[in-house]
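A short write-up of the structure that comes next.
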There are 2 protein chains.
Amino acid sequence: MPRRKIRLFDKKPLPKPVSEAQCGAEEANQVWSDVKLDRRSRDNGRVTISDLSQALSLTKGTVSRALNGYPDIAETTRVRVIRAANAMGYRPLSHAQAIKTGRSCSLGLVIQLSEHDAHRPFLAEFLAGLTQAASKEGWTLTVATAENDADTLRIMRDLVVHQKADGFILPRVLWDDPRIASLSGEDTPFICYGRPRNSKDMSYFDVEGEAAMAEAVSYLADLGHRRIAYIGSAEYYAFSHMRRDGYKAGIDAMGLGFDPDLMQEGALSPEQASAATRRLLALDTPPTAIICATDSLARGVYDVANELGLAIGTELSVIGYDGSPEASAMWPRLASFAVDTRKAGATLGEMFIARIRNPNAPVAQHLIRAEFRPGGSTGHPKLTPEQLVRTLAQRGATQNT
Amino acid sequence: MPRRKIRLFDKKPLPKPVSEAQCGAEEANQVWSDVKLDRRSRDNGRVTISDLSQALSLTKGTVSRALNGYPDIAETTRVRVIRAANAMGYRPLSHAQAIKTGRSCSLGLVIQLSEHDAHRPFLAEFLAGLTQAASKEGWTLTVATAENDADTLRIMRDLVVHQKADGFILPRVLWDDPRIASLSGEDTPFICYGRPRNSKDMSYFDVEGEAAMAEAVSYLADLGHRRIAYIGSAEYYAFSHMRRDGYKAGIDAMGLGFDPDLMQEGALSPEQASAATRRLLALDTPPTAIICATDSLARGVYDVANELGLAIGTELSVIGYDGSPEASAMWPRLASFAVDTRKAGATLGEMFIARIRNPNAPVAQHLIRAEFRPGGSTGHPKLTPEQLVRTLAQRGATQNT
DNA sequence: ATTTGATCCCGAAACGCTTTAAGCTGCCAT
DNA sequence: ATGGCAGCTTAAAGCGTTTCGGGATCAAAT
């Protein structure tokens, strides 16, 4: 009866490798001075596990088990091994591990190009955060690009099958995201940036767009605005739902009375935002302030204002969202909500690695706030809606002659 | 005497794997219908080389040699193998190959964060190009970020030692780039985006900034401008040298007479560009047009112009470089030179992979042109330099009261 | 004195792939 | 016949790591 076969540890929560810091590395150099320190394998300068095991007079298996925190290794041995590993500068070759474990220690990111420019400036910071989190754990970031949804799914599958990525960070999550459906089906780990439709039992990280929008409303109301409009993005983005709800909540909270005419959704480009702006300004009681779901939509508002000779900040107030460099490029500077994209990336990276290390941990859900950045694009309303109508008529008349 | 030992092929120019396209894959399905198509290894859905060799009744070695283009395999066998590989959907696991070959089939990109925002919008397109080229060859892109030069070197070394990257694309190359010095020392392959100091015998890809700047000068001169200034970036960027030289060449070519006062270099941020602009406008004979080495510098010019009440496009013409979204966000739209960043990435990726495949090929050097994109920021000079001086004095006076 | 049970470590076999050395055909020239 | 030589294929040894079954040791329990 092979009673011994019972494993003390379950398969899934794989033992977290012991970090170097846990054993005083500086001391190690002296302790192990008797070990032939530069016992390196022939060709390149790498120290292999064989070198290490030989130096320690242990077998490779034992060394590996010691380093990977298996429980059937004496604590003293473990310490010995870890010290020697530090002293000799041993670090396992991740793809040599991958061959057996199937884990390549790299997180995948597939960015979709067709999405509107919105996320472009955001990318560098996001990557920074991700890679920072990754490299802290000795992981790596594998990036791919795709043209469309189908492409994305194909590429992700490919990356997983060829073990180039252990799972994915999903940026700019959609309300009904095909990636989620697909990845849940196969069981590839992933973490969302954003909250899709049924996010209750998913791991995600997000910025509270709803809070920002509500804050925007209250900020403008405090300035004296009563007619505050909202230009939203396409409904298929998850963030659109959050921000729209935030706007509504803000309107309610300030007791301004929700007017569906003031809410223009579905704008994807500055041009479409321009069209929305024209619709808003053509209302009988036009808004004196416009909140945009993204900075790039605000650009469309600016364009129309410039065209109509409407002074931004006094005659028409505007607030954006993203805190992009684009926002500071505008004149006057666009008031916006800055998102700490780098932190977002870093958090997502950490969450992801933690998830891989312990796949049956409960889902993790993190939220942070966006920080309001005032700008010259807001001010006390110089004109009432009625005056605004008259001004527009007047300027339009002179312009058309 | 083991005469047989002579290898017909040298070690270095490793045989290029035969592409799938070379053997009609659609036909293959029928030809190999007798083969058990879904002979897959037990756990996951991958087809391994063992499955393939078993199906073909060949040994793994033969299959490998056939696929890797070794010359001592009969052509008929090779075709058989390739067909079967396509039919069964076999693709080698790159990290399993890496363990023996040391090549992980991934190109590394370390982006440095401290660099001024200049390159931010550029990133997404660049990545798109790179990953596109990479995935076409079954390669992968590994991205890391670094805070400073030392960090970059450390990270690159690390990536190479742990075989996470076979070499690097160096974006935004410096005139004297520490990365180049370092990588040449170890013999890690790399390719530059840009032309550093001694680029004669290096592989690079670049956009002809010099041509663009010369074109800008001639464009403005054709509009009637005679005093054309230049605001340049820091000298340590390689591109600064090119663009500056191009500006000078343009001035010469148009016979405008080079005036050192009109050339302000070393501006890294919009703010520094603003300072440069003020210096230029304070000259006895100020310029009526300003060419900026980057779009973001142009933003500084816009800021000063707005502040001084100078109408861009009529009273002061501006041209930028990069064709960034920032440029179109400005009002009026900034005339600029659009760089096809995606193509840049794609070309660099291809060049890199080619280089790895055949390390002793001669260096490859590619240049493309930037495309001029007109905008409202240029026009016939409405004022002469003298009138400009008077206007400025006048407006300055009213503004100061 | 024997069984039991831990605890710690070892040897060996995977993993998927490449590469080397050696083997097996034929064929031509001795 | 014998040797030599192509040409093609196989067998097996790595590569660096994990994992599995079991062996040795020792203390405690029978």
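All chains are named by letter (A, B, ...) in the order of the sequence lines, taking the proteins before the strands, and each is independently numbered beginning at 1.
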## Note on the structure
When rounded to whole Å, the CZ to P distance for the pair A:Arg80 and C:dC8 reads 14 Å
## Note on the structure
In whole angstroms, the gap separating P of C:dG16 from CG of A:Leu93 amounts to 18 Å
### Query
Is B:Ser64 reaching over with its side chain to a backbone N or O of B:Lys60, donor-acceptor style, under 3.5 angstrom?
no
### Query
Does the side chain of B:Lys164 come under 3.5 Å of the side chain of A:Ser94 through a donor N or O and an acceptor N or O?
yes
## Note on the structure
Whichever of B:Lys60 and B:Ser57 has the more 5' nearest nucleotide on DNA chain D, that residue is B:Ser57
#### Entry: Length of the line joining B:Tyr70:OH and C:dT20:C1', which is rounded to integer Å
10 Å
### Query
Rounding to a whole Å, what distance do you find between A:Leu67:CG and D:dG16:P?
16 Å
### Message
So does A:Cys105 get a backbone contact from the side chain of A:Asp166, meaning a donor-acceptor N/O pair under 3.5 Å?
### Response
yes
### Query
NA contact type, A:Ser50, heavy-atom cut-off 4.0 Å: base, sugar-phosphate, or nothing?
nothing
### Query
What is the distance, rounded to the nearest whole Å, between atom CZ of B:Arg103 and atom C1' of C:dT18?
11 Å
### Summary
Winner on side-chain proximity to B:Thr48, out of D:dT19, D:dT18, C:dC17, is C:dC17
### Query
When all nucleic acid strands are considered with a 4.0 Å heavy-atom cut-off, which category describes A:Ile49: base, sugar-phosphate, or nothing?
base
### Task
Taking A:Ser182 for its side chain and A:Pro178 for its backbone only, find out whether a donor-acceptor pair lies under 3.5 Å.
no
### A:Tyr193 vs A:Phe126, ring pair (Phe, Tyr, Trp, His ring centres under 6.0 Å): CA-CA, chis, key distance, verdict
CA-CA 11 Å; A:Tyr193 183 12; A:Phe126 193 57; 5.4 Å; yes
### Summary
Checking C:dC10, C:dG16, C:dT20 against the side chain of A:Thr59 (C-beta onward), the nearest is C:dC10
### Task
Enter the distance from A:Arg179:CZ to A:Met156:CE here, rounded to the nearest 0.5 Å.
6.5 Å
### Task
Evaluate side chain to side chain donor-acceptor pair (under 3.5 Å) for A:Thr152 paired with A:Gln112, printing each intermediate quantity in order.
CA-CA 7 Å; A:Thr152 302; A:Gln112 207 155 319; 2.8 Å; yes
### Interface with DNA chain D, restricted to residues 95-102 of chain B and to heavy atoms under 4.0 Å
B:Ile99, B:Lys100
### Separation of atom CZ in A:Arg65 from atom C1' in D:dT17, rounded to whole Å
13 Å
### Query
For DNA chain D, whose closest nucleotide is more 5', that of A:Gly61 or that of B:Ala74?
B:Ala74
### Query
Atom CZ of B:Arg91 and atom P of C:dT18: how far apart are they, to the nearest Å?
13 Å
### Query
Taking CZ from A:Arg78 and C1' from C:dC8, how many angstroms apart are they, rounded to a whole number?
11 Å
#### Entry: Of the listed nucleotides C:dG16, C:dC8, D:dT9, the one nearest the side chain of A:Asp72
C:dC8
